[in-house]
Amino acid sequence: MPLADIQTRIAKAEAAANRAPGSVNLIAVSKVQPDERVRAVLSEGHRLFGENRVQEAAGKWPAFRDAFEGVKVHLIGPLQTNKTRQAFELFEAIHSVDRPKLAKTIARIAQEEGRCPDLFIQINTGEEPQKAGVLPTDADAFIKDCLAMDLPVQGLMCIPPVDEEPSLHFALLARIAARNGLTGLSMGMSDDFETAIALGATHIRVGSAIFGERVTGA
Ligand SMILES: *Cc1c(COP(=O)(O)O)cnc(C)c1O
């Protein structure tokens, strides 16, 4: 689906939810997509992208940043602590802060470098054992610890279980954010971003609906 169609659907969803036009940030998830598809979306003027692997982002975004002005790339996948410094170089935001060790590493490097990407804390709203993220019961304490370390926490992120109604997970994420005074909500993907917008998403992560099916799974 062309980018313009996605933008139209976002605008409609914003209006239907009585939200200000432009209040939702579209993160175009470019993981494993061929470069020419990414270049096409850049050429249409889009500047905000998401990647889920540090290595893959390192291989493609420095060149795109040289060719196009104002690019922003957000890390939406898991981050190993030993790649944190590299992540600082590559990403304007990290959506996958999911454990104390990573939070402490980010705080230390932020101190050393005098800057820090925007951060989202990933919540495992479905309490899935194989999935990253802080459990809902641990969320308040973890958020407080991150804020106590002066980390620039913008909000929360979730990836609902594939076989469950996503709105329940979006609503839960929104509740946890609200009671902790956080306004950012990174939620909603190709199949459910309109639902996410209705429930307050500020950042939607849309891949296949923009770029087409991914050639390999990731
Ligand atoms: C791949 C990915 C997306 C985008 O998924 P689509 O269904 O292609 O829109 C969103 N969020 C995360 C964390 C992802 O890994």
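Counting convention: from 1, in listed order, for ligands and their atoms alike.
Checked against a 3.5 angstrom limit, the closest N/O atoms of Gly207 and ligand 1 fall inside it.
Residues Trp61 and Phe91 keep their aromatic ring centres 6.0 Å or farther apart.
Residue Arg205 approaches ligand 1 through these ligand atoms, each under 4.0 Å from one of its heavy atoms: 4 (C), 9 (O), 10 (C), 11 (N), 12 (C), 13 (C). Distances below 4.0 Å separate heavy atoms of Ile76 from the following atoms of ligand 1: 11 (N), 12 (C), 13 (C), 14 (C). Close approach of ligand 1 to Val206 is summarised as follows: ligand atoms under 4.0 Å from at least one heavy atom of the residue are 9 (O). Close approach of ligand 1 to Ser208 (heavy-atom distance below 4.0 Å) involves ligand atoms 6 (P), 7 (O), 8 (O), 9 (O).
No more than 12 heavy atoms of other residues, nucleotides or ligands shown are found within 6.0 angstrom of CD on Gln111. The number of heavy atoms from other shown groups lying within 6.0 Å of CD (Glu36) is above 12.
For the residue pair Glu164 and His169, a side-chain donor N or O sits within less than 3.5 Å of a side-chain acceptor on the partner. Residues Ser208 and Arg214 have side chains that never bring a donor and an acceptor to within less than 3.5 angstrom of each other.
Using a non-hydrogen distance threshold of 4.0 Å, His95 does not register as a contact of ligand 1.
Of the heavy atoms in Ile159, only side-chain atoms (C-beta onward) come closer than 4.0 Å to ligand 1.
Taking the side chain as every heavy atom from C-beta outward, Ile106 and Leu151 approach each other to under 4.5 Å.
Nearest residue to atom 5 (O) of ligand 1 from Gln122, Met189, Met157 is Met189 (criterion: closest heavy atom).
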